[in-house]
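Worksheet for the structure shown next.
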Amino acid sequence: KARIVSDMLPLLEQIQKKHPHVLIVGTTNRPETLDSAAVRPGRFNLHIEIPLPEAKDMPHILGIHAQDLVANDRLSFLRKDEEGRILDQRGLDMICRNMYGHKMSGADIRACLQEARIQALMRHCAEIGAFSAPSAVPCVTEEDFSKAIERIARKKGGKDVPSSRSTQDPSVSLLAPFKESTGKALSAVDQLILGSRDEKNKVLYDRGLVLSEENLQRLTEQVFIPRAPALKEKAKSLGIAPTSGLILYGPPGTGKTLLAEKLKDLIGFKNVEMTSIRPATLLHGKVGESEKAIKDLFAGLRDGKRHFVFMDEMDSLLSKRTSKSHSEHHESVIAQFLAELESIADNEKIFFVGATNRLESLDPAVVRNGRLGCRLEMKLPDQSERARLLEVIFSKIHEEGEVHLHQDVDYQKLAKLPCLSQTSGASINALKDALRREIWIERDTSQIEEDKKGLGTKIPTSNLTTQDLQDMIERHYG
């Protein structure tokens, strides 16, 4: 770094003397880390701090981002005269005070507006009973903004919160109308379901994937709806742009990679091969090589074709730059990646999914609104979800004829086993392979059981009871 600084400083002075018409602007989130020689008079001598907006600035910033809604009278809390002049903006002032109280930045204000637009469309869809029903474009209300601000504020605090949208009518499903409005592409939603739908918890199961209703709703709002053919025009008229990426976070084995694979098919990238990025392949020992690898990677993504990108363990590349364990070289790698990520933010042909087990270790600049602000927490299954998972995986073996289960198997009892209390969906899904292995051992050893007494696993291959399955699960988890 010292060599780079020493080479750069004379160049800055030369530019100032020989090319006075050239203006160089630098930005940083951490001015205290800059070399004092670079910010002295004669070099970067003009320093402008851009603080969070004041309360008086909020209406102006929000008005800039909501010009389309104001012009088309789609803000229900603004009263205007015949000439278009605003007569009463008390509702707007209240919304701005709420945002100011949460110390929101310009990017946060824009995210709140985007969230409010989505809330308005979701409310409109719930009111008309089906996403595909023709109706006028809805207005954004104060309540839509309140819900939006609540969600963005929780995200800023590191806590994602499900939408508080009311679904009092149980017949109004998030999934069913979405299927109606997107035709063949939406039939792929059924691929997420293995076995019947648990109506009480509304959880989807497939190979250990537990997708909660909250996550399904979030995906519907942020990803599915802006891309649904029947809603595209309404979303566009409300200024709703499809999100270009999201972050999946949670413990290992909760289905982050599996969900990414499913999303690829659901949002129009079915015939596109998923581009998997391994952070280790982007890190090189020589200075500048890592940055070049990242630049080349994103240059390939901007070739005009459709790309679905998945980066697992993204925290290994994009962890907080305040970490003492990071070198200056690593910090420049993160900065390069963020710049490239910004370049694809509005590209609808590229969808980026990142996965991590440690959301708290990611650099705040990565998860801020405007980059990868949409996050889904993939949790370990609770007791009811474990019971449903066990029922699905063991019933599948039963249906395939590999083993016969007793009709009165108590899956709730199995789900309460202490050894399963902190078990992921992937681990529970692996139980079917464990059961198969025990059956194979039983069959292979049955012919020499007398000579090899005690080595075979004595599990009957038909009419397995709750106790048989419990014994197998406890053996599998030691």
Side-chain angles (χ1 to χ4, degrees), residues 1-5 7-8 24-36 38-39 44 49-50 105-108 111 155-158 243-250 256-257 260 275-302 307 309-347 350-376:
K1 180 181 178 181
R3 188 187 65 180
I4 295 175
V5 172
D7 289 342
M8 183 177 177
I24 300 177
V25 179
T27 64
T28 179
N29 296 330
R30 301 179 296 155
E32 70 280 358
T33 64
L34 295 177
D35 191 296
S36 58
V39 295
F44 285 104
E49 181 182 1
I50 304 179
S105 65
D108 294 331
K155 283 175 62 178
K156 282 172 61 68
T243 182
S244 59
L246 56 89
I247 295 177
L248 306 175
Y249 68 99
K256 296 184 289 294
T257 303
T275 303
S276 296
I277 301 176
R278 298 180 61 186
T281 62
L282 298 177
L283 295 174
H284 300 275
K286 293 183 179 180
V287 175
E289 289 296 319
S290 299
E291 293 88 330
K292 184 178 183 300
I294 294 172
K295 187 176 181 179
D296 292 343
L297 169 68
F298 280 88
L301 296 177
R302 293 190 293 269
H307 294 278
V309 186
F310 177 67
M311 174 185 278
D312 199 3
E313 299 179 349
M314 62 187 304
D315 53 281
S316 63
L317 177 70
L318 302 173
S319 52
K320 292 179 180 178
R321 283 172 285 181
T322 54
S323 173
K324 295 181 180 180
S325 62
H326 280 175
S327 63
E328 294 171 350
H329 168 56
H330 200 167
E331 291 192 7
S332 67
V333 170
I334 297 173
Q336 180 68 40
F337 193 94
L338 293 176
E340 297 294 344
L341 195 62
E342 191 86 18
S343 70
I344 65 171
D346 298 324
N347 193 331
I350 303 174
F351 195 85
F352 186 98
V353 178
T356 178
N357 301 331
R358 302 181 300 161
L359 179 69
E360 70 283 354
S361 68
L362 287 177
D363 193 281
V366 178
V367 298
R368 77 156 173 82
N369 294 306
R371 286 186 176 132
L372 295 176
C374 182
R375 307 193 296 257
L376 294 183

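Here the straight-line distance linking atom CD1 of I334 with atom CD1 of I294 works out to 9.0 Å at 0.5 Å rounding. With rounding to the nearest 0.5 Å, the separation of CE in M314 from OG in S361 is 9.5 Å. The distance from atom CD of E289 to atom CG of L282, rounded to the nearest 0.5 Å, is 12.5 Å. Distance check: L301 CG to S343 OG gives 8.5 Å after rounding to the nearest 0.5 Å. Separation of atoms CG (L338) and CG (D363) is listed at 6.0 Å; rounding is to 0.5 Å.
Side chains of L362 and I247 form a contact here, defined as non-hydrogen atoms less than 4.5 Å apart. Counting heavy atoms from C-beta outward, H307 and I344 have side chains that stay 4.5 Å or more apart. A 4.5 Å side-chain heavy-atom check between F352 and I277 finds at least one atom pair inside the cut-off.
Heavy atoms only, all atoms of each residue included: T243 and C374 are closest at OG1-CB, 4.3 Å. Nearest heavy-atom pair, E360 versus K320, reported as atom, atom and distance to 0.1 Å: O-CE, 2.8 Å. Here the closest non-hydrogen pair linking L317 and M311 is CD2-CE, 3.9 Å. The shortest non-hydrogen separation linking G26 to F44 is N-CE2, 4.1 Å. When all heavy atoms of R358 and D315 are compared, the closest pair comes out as NH2-OD2, 2.8 Å. Scanning both residues, A260 and V353, for their nearest heavy atoms gives CB-CG1, 4.2 Å.
With a 6.0 Å radius and a threshold of 12 heavy atoms from other residues, nucleotides or ligands, R278 has its CZ atom at or below the threshold.
Aromatic ring pairs are classed by plane angle as parallel below 30°, tilted from 30° to 60° and perpendicular above 60°; the pair F298 and F337 is perpendicular.
Not one N or O on the side chain of T356 forms a donor-acceptor pair closer than 3.5 Å with the backbone of Y249. Checking side-chain atoms of K295 against main-chain N and O of E340 turns up no donor-acceptor pair under 3.5 Å.
Under the side chain to side chain donor-acceptor pair (under 3.5 Å) criterion, N357 pairs with K256, sequence neighbours left out.
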